[in-house]
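Reading through the structure tokens given below for one structure.
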Amino acid sequence: MCQVDEEYSGHLERRSVPGVSKTCVKCKESTAVLIIRLGDAFCRSCFKEYFVHKFRAMLGKNRVIFPGEKVLLAVSGGPASSSMLAQVQEGLSRDAPKKLRFVPGIIYIDEGGACGQSAEEREKAVALLENILRKTGFPYYIVPLEQVFGLPDSVLESVSCSPEGSGLSYKAAVVQYIQQNEVKQRHSESAGEEAQDAMARLSVHSQYGPEHRQALERLFSSLKTLTAKEDMLQTLRQHLILHTARVSGYSKVMMGDSCTRLSIKLLSNISLGRGAALAADTGFSDPRYGDVVIVRPMRDYSSKEIAFYNRLFGVQSVFIPGLDTKVPDKASIQRLTESFIIKLQADFPSTVSTIYRTSEKLHTACPPLNSSAEPAVKCLLCLCALDTKADEASAFQAILLSERLSVGKAQSDPPSSTTAGSPGQSCCQESGCGAGGCCSTSRASADLKSLLCYSCRLTMKDMTAVDSLPQYITLEAEKRQRRAQMKQEISEFLLEDADDDQE
Amino acid sequence: MPVQCSSCALSRAVLKRPKTGHSLCKACFFWAFEEEVHHTVVSGRLFSRGETVGIGASGGKDSTVLAHVMKVLNERHDYGLKLLLLSVDEGITGYRDDSLETVRRNQQQYDLPLKIVSYQELYGWTMDAIVKQVGLKNNCTFCGVFRRQALDRGAVMLNVDKICTGHNADDVAETVLMNVLRGDIARLRRCTAISTASDGEGAIPRCKPLKYAYEKEIVLYAYFKKLDYFSTECIYSPNAYRGHARAFLKDLEAVRPSAIMDVIHSGENLSVKEGVKMPVQGTCTRCGYISSQALCKSCVLLEGLNRGLPKLGIGKHHRLHGKILAQQPLTQEEEKKLKAVDF
Ligand SMILES: [Zn+2]
Ligand SMILES: [Zn+2]
């Protein structure tokens, strides 16, 4: 039917060729070398100033990084995170008033094992990257994705959310930092070399064993769609970064997402059913992990600006192929969204900035602060607040009903169900359990589902062998289930709303 | 090898549900489809017993299936509703003539009263005449604004309590995507609501019983029920931006069939910052219809058409509303700006 139901006035402007002026719009003297937005022509030095200022302004405006705080920079080798690294170096090298005052470290997650790369290819890529990292003088951690098989289940435990550090105000932190620094200054001469050494010792290049390599291969081949693979990769990567940050005492993690990247992420997350966590996933800061906060200081730069800056000022980056390298547009939701936005942006130059502005109007909830109540139940995998307790009139309930009505009464009883909701998936044949019985895989998958958010359920639906998940996830799942069961047993004696915690 | 129906496990399956991937027989598909709409109606508390409900009927597949299912459910579950068909004649030669014929046939088949309101009779302009003046670029703006009011006015004439429209899950998901692309946070928040409240005097509450029904399943339902509908796109080209959103949604659905519901789920769970301004609803000083401005969109558009200044209602010209209300002439410069129409 015709969809023009509401008034939609105003049309988007198509690309128009700007009149190129030969001089810089800022200093009005030097010759312009590039045009960033329509009509804004900059010379080299004014562009640099503009670019550097934007980084500081983003941090200054949000005031979430405290002086002296340890900040972990998540680097992928790509242009945006490399540019972020360069900005931090730049900011730390400045003189007093304009100097950045946090303590950086770097983390790189080597995902080659999930993308089918050979050991040689991976070593080569890591060597190239390590070259760049070493030059910064910052401690760095190179962590292969295989390490997820060695993570403790405590990674997934909810840590209560305490925004603004440990109750300290930003201003108080600044004062404290300056006092401490004065003391440090006096000792600095003798300690200089030792500090360098300590820093080098801090750098960790973790290795992985063959059994973990196989486990990772098994995990990713168990995911039937590229959409699910990309989603799982994102989840595991976050867990590793989170764990490294905690173990090494970093309370902030900086991600290099550009404005372009975030627009793509916003639309693809909507398409993946992640609307509830959209603000946290695309905003400046993401408080979902509680003690470690994710920040995105590059969110004001377009990928074009970043490319210009990197080229003009020799910022090195390394191309490392990922899961979605060289795959067709329609291979996954994430890939499809990316190509859709890039194409639309080419026709309508305001596309990215318009979507980006949407993300700024969304609410970043930090729910578990309400008095004595237990922290909100979080998704086992992505750790966002669960969005599956929707009321009857919702898409979530509607799709559950569609599935119930499609399998009929005989099969829809949960306890005896073997593969409800996924026809054709006869995992029971191999293990030899009868029609009425229940093999461990489908049982585990049914139990796990109740601990997941809407979108992570979709990912698990695309997974054939739930037991290929790393142990820290299954252990934590069992722990949560035991607790839920316990709570049910004693529910009649609890005075608070006992249903709060369970599905 | 014939596939067995996954629901009754007795009959042969004749289709694979686009929404869930299950193979179903005809009877089980009809049952599932209808009961899902019933669940939407009940859980969303869309109607109350004794109400008169106008079904927005365009003769297209969505409203034809809606009319059929509403009649079935009203009897099966004893809703106690008085149903009738409500159609709008936009005055588009070669498009509306045929589809209104279909609506008239539906009226006889379903034995439901029918009311047709025309743009010509309400506004003094047909869409054909409007397109002649404004061209093909903004005509959908006019049509959309006029249709909304036309349905309301028709409903008032028939003492209708509620209007239901044939918007399906694809339409809702597409609107979510489009509002993201346009950065329209106010509409993004509203567009997944299953019904609009009855606040504002000129507007009659509306709801979408097919909100969770896939377009493809609506076609399947109509096909197997042998329902008669008129299928064509409006001959005047639709909004280009919606076209992008639509194409994108189709691609998403091809990659992951649940994507349509997933987008709606996202839309239903967005939380918008409190500080973001939402327009305040008032009423139009000229016609009394709900409006956030002194004059409603429809009255401004109409004024523009009648004065030969078609761009009046298209851009933002709120400051001219005072002059229009006072029936004052516009300055030459103002006129010049509003006259030019780029094709
Ligand atoms: Zn999740
Ligand atoms: Zn059947």
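First the proteins, then the strands, lettered A, B, ... as listed; each starts at 1.
Smallest separation of non-hydrogen atoms from A:Ser406 and B:Arg17: OG-NH1, 3.0 Å. Shown here for B:Ser266 and A:Asn269, the closest heavy-atom pair between the two residues is OG-O, 3.8 Å. Contact record, B:Val255 with A:Lys330: CG2-O, 3.5 Å, taken as the closest heavy-atom pair. Contact between B:His244 and A:Phe340 at its shortest, heavy atoms only, is O-CE1, 3.7 Å. Contact detail for A:Ser271 and B:Leu252: the closest heavy-atom pair is OG-CD1, 3.4 Å. Looking at every heavy atom in both residues, A:Ala395 comes nearest to B:Glu268 through N-OE1, 2.9 Å.
Using modelled atom types, one finds a donor on one side chain and an acceptor on the other under 3.5 Å when comparing B:Asp262 with A:Tyr454. Residues B:His265 and A:Asp387 bring a donor and an acceptor atom of their side chains to less than 3.5 Å of each other.
B:Cys28 contributes atom SG, which lies 10.0 Å from atom CG of A:Leu405 (distance to the nearest 0.5 angstrom). Rounding to the nearest 0.5 angstrom, the gap separating the OG1 atom in B:Thr40 from the CG atom in A:Leu401 is 8.0 Å. With rounding to the nearest 0.5 Å, the separation of CZ in B:Arg45 from CD in A:Glu392 is 10.0 Å.
No part of A:Arg357 comes within reach of chain B, as not one of its non-hydrogen atoms sits under 4.5 angstrom from that chain. With a 4.5 angstrom heavy-atom cutoff, B:Ile194 does not touch chain A via any of its atoms. When heavy atoms are compared at a cutoff of 4.5 Å, A:Leu266 approaches chain B solely by way of its side chain, counted from C-beta outward. B:Leu188 touches chain A through its side chain: at least one heavy atom from C-beta onward sits under 4.5 Å away, while N, CA, C and O do not. With a 4.5 angstrom heavy-atom cutoff, B:Val176 touches chain A only via side-chain atoms.
The shortest distance between side-chain heavy atoms of B:Lys19 and A:Glu403 does not fall below 4.5 Å. Residues B:Asp184 and A:Thr358 have side chains not in contact (no heavy-atom distance under 4.5 Å, counting atoms from C-beta outward). When side chains are defined from C-beta on, A:Thr354 does not count as touching B:Leu181, because their heavy atoms never get closer than 4.5 Å.
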Side chain to side chain contact (heavy atoms under 4.5 Å, CB included) assessment of A:Leu267 paired with B:Phe248: CA-CA 11 Å; A:Leu267 193 62; B:Phe248 179 53; 3.6 Å; yes
Side chain to side chain contact (heavy atoms under 4.5 Å, CB included) between B:Ser7 and A:Val407, worked out: CA-CA 4 Å; B:Ser7 179; A:Val407 292; over 6 Å; no
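None of B:His39, B:Glu35, B:Glu36 except one satisfies the side chain to side chain donor-acceptor pair (under 3.5 Å) rule with A:Ser402; the exception is B:Glu36.
Interface remark: of the candidates A:Asp329, A:Leu226, A:Thr337, A:Thr337 forms the most heavy-atom pairs closer than 4.5 Å to chain B. Of the listed residues A:Ile333, A:Leu278, A:Thr225, A:Ile341, the one with more heavy-atom pairs under 4.5 angstrom with chain B than any other is A:Ile333.
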